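Since the model is a prediction, treat every value here as computed from it, not as a measurement.
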Amino acid sequence: MMKPEQWLSEALAKTLNELYGNIGANPLVIQPTRKDVEGDFTLVCFGLTKLSGKSPAQTAEDIGVNFCNTNPEADSFNVANGFLNISLTFEFWITYLNQFSPQASEPDLNVPPVMIEYSSPNTNKPLHLGHVRNNLLGAAVANIVSASGKKVIKVNLVNDRGIHICKSMLAWQNSGKNETPESSGIKGDHLAGKYYVEFDKSLKIQAEPILNKVLSADFSDLDEKQSLKATAILEKYNTSTDDKKEELKGELKLISNSAAPLMKEAAEMLRRWEAGDEATIQLWKTMNGWVYQGFDVTYKRLGVSFDKIYYESETYLLGKELVENGVNSGVLYRKDDGSVWIDLTAEGLDHKLLLRSDGTSVYMTQDLGTALLRAEEYKAGNYVYVVGNEQDYHFKVLKLILQKLGYSWANGIFHLSYGMVDLPTGKMKSREGTVVDADDLIDEVIAEAKKKSEELGKTETSSAEELAALYERIGMAALKYFILKVDPKKRMVFNPEESIDINGNTGPFIQYSYARIQSVIRKSKGVVDNQYDVKQIENEPSHRTLIRTLEQYHETIQAAANGYNPSLVANYAYELAKQFNHFYHEFSILKEENKQLAAFRLELATKTGETLKCAMGLLGIEMPEKM
RNA sequence: GGUCCCGUAGCUCAGUUGGAUAGAGCAACAGCCUUCUAAGCUGUGGGUCUUUGGUUCGAAUCCAAACGGGAUCACCA
């Protein structure tokens with residue numbers, strides 16, 4: 001059976017052809033009829049007046065008459081303000097319901113796969129709220145794209161090397177006293193984070209006096225290069241406004257930091273790491289191992305997984321060859337000091353550095369190399385990077401460079417740029433200790449789910465294990481739904497209290513609707529027969545509304561996949577659950593005396609339940625059979 | 001300063017290629033459990049869609065400018 005909207009579009013085109021001759025490729029504007037107006041679909045007729053030569057209302061009237069006369073599926077029509085509202089027969093809708101299924105078809109292997117990179121953590125500290133949004137988005141987008149019929153490859157690029165890791169390592173070496181996750185009982189990623197914070201503290205103690213000296217033009221702690229830079233900044237600083245001063249002070253702080261002995265030690269450690277020093281590598285492996293153990297726990301709790309994990313320690317040298325080729329082909333240029341650049345001024349951007357004068361690579365070089373590696377390995381059609389919007393510029397440049405270098409697959413690069421997560425009190429700042437830790441947050445939402453469930457007294461019927469699993473489902477549903485219902489590209493405010501709400505537009509509300517449906521289905525066994533005659537069922541608005549909403553499911557998934565936007569799925573599920581609750585309140589299924597009608601309603605409820613489960617499943621939210 | 005993103009109810013958010021009287025939830029107030037799970041349902045109040053101009057049958061949506069918020073512009077990643 002064809003999709004109603006598609007069928008209608010073709011049938012209306014036929015009608016228009018009969019009335020006005022060849023209408024050409026003029027796309028018809030068809031939309032679901034708004035709630036307060038009678039009808040299933042609405043044809044907007046303003047654009048058709050040129051064809052008909054009549055007023056919008058008269059045009060709509062003519063089309064309506066002809067359409068209803070020639071199509072038995074059409075029930076009636078009405079015209080309002082130039083909108084033609086068409087009602088299809090209820091029988092048509094029931095027949096549609098009979099064959100409806102929310103199940104996704106198998107991915108089409110002839111279509112190039114879609115690669116989705118997300119998570120991409122640093123291994124020096126535990127995951128926080130920002131990572132939570134990233135991970136949930138990435139996992140949901142992967143599910144949705146897969147459900148839309150494309151094969152998906154989920155990729156994680158772990159940033160496991162660099163100066164930030166060395167900071168943790170150094171602090172542990174200096175003051176760790178051989179503390180391990182086992183000896184301390186601290187989760188591995190949190191332990192590494194603890195020493196990262198410790199490093200920062202010690203560094204601050206060293207760097208502050210240096211900064212103060214620099215501010216009074218005493219550069220005795222700086223080397224030649226740093227002094228030069230500081231002099232220039234200080235000059236500006238003394239003549240700047242307060243706003244600008246803060247900014248320049250930040251730059252001076254960076255210089256002071258790098259002049260501190262501890263920072264030099266960390267840099268030295270990084271050099272040893274790159275040189276392959278055995279003891280350094282060993283320490284690095286050990287601490288990263290702790291972090292991975294910790295991440296695995298958090299990933300599992302979040303319900304995210306990956307098909308392929310890349311480590312930056314294995315990819316950070318890539319890209320140099322690509323850059324050399326670019327120089328040879330003239331797309332890139334080399335300065336006298338040996339550094340390599342690309343000129344993007346024609347595109348309204350700047351010159352961008354791709355290789356340092358000492359020949360080492362920068363962030364961009366690595367990303368270029370990694371992109372090439374993946375393209376060769378997987379030959380995907382699309383490469384989606386789930387990365388925060390503070391890197392908009394980076395990805396714009398990345399795509400542009402690859403395109404300029406002549407890689408056609410670069411056209412498939414898409415930066416899924418999501419907004420930051422703010423707290424009601426303002427921005428999260430690690431230095432001020434206002435970051436929300438991912439593990440704490442998960443514990444909190446589950447504890448809150450438990451508390452609320454106990455308050456409602458819904459705890460008698462199940463075992464302790466079942467209840468624990470249920471609380472986890474409810475808590476995680478609250479958290480995931482709260483984050484995923486917001487358009488990814490928008491900055492959002494995360495209120496910890498609202499995130500664990502269970503009433504209204506929330507995950508638990510949708511779970512509750514589902515649990516009610518399952519309860520009805522369980523109780524229907526032996527009471528309601530599944531067979532009914534389509535012709536025997538009478539039209540009822542809230543039944544019809546539900547079917548019409550079910551009909552939008554696949555379209556919603558497609559739109560969400562095309563726009564990489566899980567919020568469309570979340571909002572759809574909410575709308576569907578709300579409509580079901582309305583229906584549930586208005587009609588009884590099991591107590592309906594007309595058995596035909598009861599059977600029909602049961603099917604309607606069952607299909608609604610399946611659809612809710614599928615939609616929420618795409619968001620990584622599990623549905624409980626009881627709650 | 002250049003570039004990019006955002007601005008919808010007290011708060012958090014929907015509003016898919018321009019379509020009819022701009023919608024939900026939370027919060028507030030008022031109802032509904034002898035009836036398939038009240039984590040629910042129904043109702044009331046709440047809006048200059050930041051502002052101004054433009055495009056047209058028609059603008060929250062497109063264009064321009066202003067205002068407000070944010071990001072970014074490293075031989076850091």
Side-chain angles (χ1 to χ4, degrees), chain A residues 27 29 31 33-37 42 44 46-47 49 55-56 80-83 85 122 159 161-164 251 254 258 312 316 337 339 341 348-350 352-358 360-364 366-367 388-394 396 417 419-420 422 424 427 449 452-453 455-456 458 474 482 485-487 489-495 497-499 501-506 508-513 515-524 527-528 555-556 559-560 562-563 565 567-568 570-571 574-575 578 581-582 584-592 601-602 605 626-627:
Chain A
V29 185
Q31 48 204 213
T33 302
R34 43 180 294 159
K35 275 181 208 147
D36 49 345
V37 176
T42 296
V44 182
F46 295 99
T49 52
S55 71
N81 308 327
F83 296 91
N85 304 309
N122 292 349
N159 188 3
R161 65 163 282 283
I163 192 76
H164 50 285
E251 287 179 43
L254 278 182
S258 53
E312 207 190 273
Y316 82 108
D337 64 3
S339 58
W341 299 73
L349 306 171
D350 292 325
K352 184 85 189 168
L353 176 86
L354 295 179
L355 273 187
R356 295 193 187 99
S357 45
D358 64 4
T360 57
S361 50
V362 292
Y363 178 40
M364 182 60 79
Q366 298 168 28
D367 259 15
N389 63 8
E390 70 271 16
Q391 294 198 37
D392 284 356
Y393 179 73
H394 174 78
K396 200 170 165 183
S417 159
M420 300 204 144
D422 291 329
K427 276 175 80 164
K452 296 235 162 98
S453 297
E455 275 167 19
L456 289 166
K458 302 214 174 196
I474 295 172
F482 187 87
K485 76 174 173 184
V486 181
D487 187 337
K489 68 171 185 283
K490 288 199 178 173
R491 177 178 254 273
M492 68 177 287
V493 175
F494 184 88
N495 186 333
E497 279 157 31
E498 281 176 24
S499 74
D501 264 356
I502 53 174
N503 302 322
N505 189 358
T506 66
F509 166 84
I510 299 168
Q511 288 181 315
Y512 178 71
S513 310
R516 276 177 146 182
I517 292 171
Q518 299 318 303
S519 171
V520 171
I521 293 172
R522 279 193 300 273
K523 289 182 178 166
S524 72
V527 182
V528 178
E555 243 171 276
T556 304
N562 292 339
N565 185 355
S567 76
L568 298 179
N571 286 306
Y574 174 60
E575 184 64 29
K578 219 168 42 153
N581 281 327
H582 180 78
Y584 180 90
H585 185 256
E586 196 176 357
F587 300 103
S588 178
I589 297 166
L590 302 179
K591 300 210 162 64
E592 173 57 47
R601 285 184 189 153
L602 184 63
K626 292 179 197 172
M627 71 184 274

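- Applying the ring pair (Phe, Tyr, Trp, His ring centres under 6.0 Å) test to A:Y316 and every residue at least two apart in sequence or in another chain returns A:W273.
- For B:rC36, its base never sits under 3.5 Å from the side chain of A:S519 at any donor and acceptor pair.
- The side chain of A:R356 contributes an N or O atom lying less than 4.0 Å from OP1 or OP2 of B:rC76.
- At least one side-chain heavy atom of A:S453 sits under 4.5 Å from a side-chain heavy atom of A:I474.
- Across all strands shown, A:E312 has heavy atoms under 4.0 Å from sugar-phosphate atoms exclusively, and none from any base.
- In this view, A:D36 and A:R34 satisfy the salt bridge (Lys or Arg N to Asp or Glu O under 4.0 Å) rule, not counting sequence neighbours.
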message: Generate the contact string for nucleotides 8-14 of chain B. Rules: B means base contact, S means sugar-phosphate contact only, - means no protein heavy atom under 4.0 Å.
response: ----SSS
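- A donor-acceptor pair shorter than 3.5 Å can be found between the side chains of A:N581 and A:R516.
- In this view, A:Y512 satisfies the ring pair (Phe, Tyr, Trp, His ring centres under 6.0 Å) rule with no residue, not counting sequence neighbours.
- In this view, A:Q31 and A:V29, A:T42, A:V44 satisfy the side-chain contact (heavy atoms from CB on, under 4.5 Å) rule, not counting sequence neighbours.
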query: What one-letter contact string describes nucleotides 39-47 of chain B from 5' to 3', where B marks a base within less than 4.0 Å of any protein heavy atom, S marks contact via sugar-phosphate atoms alone, and - marks no contact?
result: BSSS-----
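- No contact: A:E586 has no heavy atom under 4.0 Å from any strand.
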Paired and unpaired positions of RNA chain B as dot-bracket, Watson-Crick or G-U wobble under 3.5 Å, | denoting a partner strand: (((((((..((((.....[...)))).(((((.......))))).....(((((..]....))))))))))))....
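- Considering only residues two or more places apart in sequence or on other chains, A:H164 meets the ring pair (Phe, Tyr, Trp, His ring centres under 6.0 Å) condition with none of them.
- Every residue two or more places apart in sequence or in another chain that forms a salt bridge (Lys or Arg N to Asp or Glu O under 4.0 Å) with A:E592 is listed here: A:R601.
- What separates CE of A:M364 from P of B:rA77 is a distance of 12 Å, to the nearest Å.
- Here A:D350 pairs with nothing under the salt bridge (Lys or Arg N to Asp or Glu O under 4.0 Å) rule; sequence neighbours left out.
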Dump every N/O contact between nucleotides 1-4 of chain B and the protein below 3.5 Å, one line per pair.
none

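- Taking A:N495 as the reference, A:P424, A:E497, A:E498 meet the side-chain contact (heavy atoms from CB on, under 4.5 Å) condition, with sequence neighbours excluded.
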